[in-house]
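So the structure is just underneath, and the comments pick up after that.
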Amino acid sequence: MRVRPLHDWDLPPEEAAALQRELRAQLILTWDDPPIRTIAGVDVGIREERGRCAIVVLSYPALEVLSSLVIEERVTYPYIPGLLTFREGPLILKAWERLTLLPDVVMFDGQGIAHPRGMGIAAHMGLWLEKPTLGVAKSRLWGEHAPVGEALGDLSWLYEKESGATIGAAVRTRPGTRPVYVSPGHRMDLPHAIELTLATCRGYRLPEPLRLAHRLTQPGEQFPLF
DNA sequence: GCGACAG
DNA sequence: ATCTTGTCGC
């Protein structure tokens, strides 16, 4: 799919952070109730500056794989907490260009607005892709929360200590494992982000879109998945 | 200065 | 994320 360029990616850390603060005003944090027939999972794996991005599109709510793709490219921007998008974003866009089936919702491996400047990878990419997005991270970056209940579906709100604003939720997607951190990206609200996360879990800690995309980024894995 | 810190 | 083997537990 084609996207309209919003800005350069090769920005020094300070400028990258300033850009994130500017982009925050463009986020739409409401759900306008579009029909959901497909949902995509996006993940990136990098080893020795060799990045591999995988996108898997599943039907919803059946969760059958409709298409998948993997692309590789050199990645040089360093990993800096809070600036993950500047490392993985360019590669994700390259993969997105190869996509022929436009998903209704896109799930990312990382934060949405649960980020120091409200612009985690799911929020940022949502602006580029102009699609509803949500972030499902394996660990916390920003925000505080009370302990999470042990049952599937139990959750604790993630809130920003200073403002008191609720920015996401720590969700138990599988008993006996650590919760995942869910937050809306763009054109999304928290209730729907949580609902989509739980509705796409199939017995594993990670929801299917991300679990499958992650598998494809691992060395030796083959695609397509169907 | 110290601790925190998505992937 | 990646580096890495075995191992504890259901």
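Keep in mind the model is a prediction, meaning the values are calculated, not measured. Each chain gets a letter, A, B and so on, in the order the sequences are listed, and its residues count up from 1.
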Given B:dA6, B:dG7, C:dA1, the nucleotide with the shortest approach to the side chain of A:I121: B:dA6
Any side-chain heavy-atom pair of A:L129 and A:M1 under 4.5 Å: no
Side chain A:S59, main chain A:E64, donor-acceptor under 3.5 Å: yes
B:dG7 phosphate, OP1 or OP2, under 4.0 Å from A:R87 side-chain N/O: no
Touch class at under 4.0 angstrom, heavy-atom based, for A:H124 against every strand present: nothing
Short side-chain to backbone donor-acceptor contact, A:H186 and A:L27, under 3.5 Å: no
Gap between atoms OH and P, on A:Y77 and B:dG7 respectively (whole Å): 18 Å
Gap between atoms NE2 and C1', on A:H115 and B:dG7 respectively (whole Å): 12 Å
Whole-Å gap separating P (C:dA1) and CG (A:D109): 7 Å
Below 4.0 Å: OP1/OP2 of B:dA6 and any side-chain N or O of A:Y181: no
Heavy-atom pair with the smallest gap, counting every atom of A:M188 and A:P132: CE-CB, 4.1 Å
N/O donor-acceptor pair under 3.5 Å between A:T200 side chain and A:E208 backbone: no
Ring-on-base stacking B:dG7 with A:Y79 (under 5.5 Å, under 30°): yes
Shortest non-hydrogen separation from A:A122 to A:G112 and the atoms involved: CB-CA, 3.8 Å
Parallel, tilted or perpendicular: ring planes of A:W128 versus A:W9, cut at 30 and 60 degrees: parallel
For DNA chain B, the residues among residues 134-143 of chain A that have a non-hydrogen atom under 4.0 Å from it: A:A137, A:K138, A:S139, A:R140, A:L141
Spacing of A:I92 atom CD1 relative to B:dG7 atom C1', expressed in whole Å: 10 Å
Backbone N/O of A:V44 and side chain of A:T217: donor-acceptor pair under 3.5 Å: no
Heavy-atom side-chain proximity of A:P179 to A:R172 below 4.5 angstrom: yes
Secondary-structure notation, DNA chain B, from Watson-Crick and G-U pairs under 3.5 angstrom (| other strand): .......
Distance, rounded to the nearest Å, where A:L84 contributes CG and B:dC5 contributes C1': 12 Å
Touch class at under 4.0 angstrom, heavy-atom based, for A:I46 against every strand present: sugar-phosphate
Separation of atom CE in A:M119 from atom P in B:dA6, rounded to whole Å: 18 Å
Integer-rounded Å distance: C:dT2 C1' and A:E88 CD: 13 Å
Atom-pair distance (NE2 on A:H145; P on B:dA6), nearest Å: 13 Å
Sugar-phosphate only, base, or nothing, as touched by A:G120 at under 4.0 Å among non-hydrogen atoms: base
Side-chain donor/acceptor of A:Q20 to backbone N/O of A:G82, under 3.5 Å: yes
